[in-house]
Amino acid sequence: MTAPRTFILAAFAALAAPAMSLAEEPAALQITIDRAALTTPAGAEAAYQQIAGAALTVCRAENRHGAGFERALRICITDTIERSVSALDAPLVDAQHAARPATITLAQLDRKRPF
């Protein structure tokens, strides 16, 4: 039996928020993903949705101020999901990610299940 894996998703918004002070830490959220569940398509989908939801949460917190909010939010979410999926290193989650559109739309940001 494999142990759950805990991730801390941090908003990677340095390019999106150039006025951010170097002393500020990016927004972060800790999530726990059950590695055993990643061996099924349903488990991989649930993990991907968990990652996407957490990315939306941290990126909204990170980019709540400033001009170009929507663009900065899309960049942050895309980058945070990409880095998190890569760090998870689970083939079925990689496949979930590859099946998603490369560009996030504003309509996707407003849905209950963002991606």
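These numbers come from a predicted model, not from an experiment.
At least one side-chain heavy atom of Leu56 sits less than 4.5 Å from a side-chain heavy atom of Ile77. Residues Tyr48 and Leu92 form no side-chain contact, since every pair of their non-hydrogen atoms from C-beta on lies 4.5 Å or further apart.
When all heavy atoms of Leu38 and Gly43 are compared, the pair lying nearest together is CD2-O, 4.1 Å. Heavy-atom minimum distance, Ser84 versus Ile51: CB-CG2, 3.7 Å.
Looking at Arg60 and Glu70, no side-chain N of the basic residue comes within less than 4.0 Å of a carboxylate O on the acidic one, giving no salt bridge.
Judged purely by atom type and a 3.5 angstrom limit, Thr40 uses its side chain to pair as donor or acceptor with the backbone of Ala37. In terms of modelled atom types and a separation under 3.5 Å, the side chain of Gln50 and the main chain of Glu45 share no donor-acceptor contact. A donor-acceptor contact shorter than 3.5 Å links the side chain of Thr39 to the backbone of Ala36. Remark: the backbone N or O of Ala90 is not paired with any side-chain donor or acceptor of Arg35 at under 3.5 angstrom. Looking only at distances, no side-chain donor or acceptor of Ser86 sits under 3.5 Å from a matching main-chain atom of Glu82.
Summarising the geometry, atom CD1 belonging to Ile81 is positioned 13.0 Å from atom CG belonging to Leu88; distances are rounded to the nearest 0.5 Å. Atom OG1 of Thr32 sits about 10.0 Å away from atom CG of Asp34, to the nearest 0.5 Å.
With sequence neighbours excluded, no residue satisfies side-chain contact (heavy atoms from CB on, under 4.5 Å) with Ala46.
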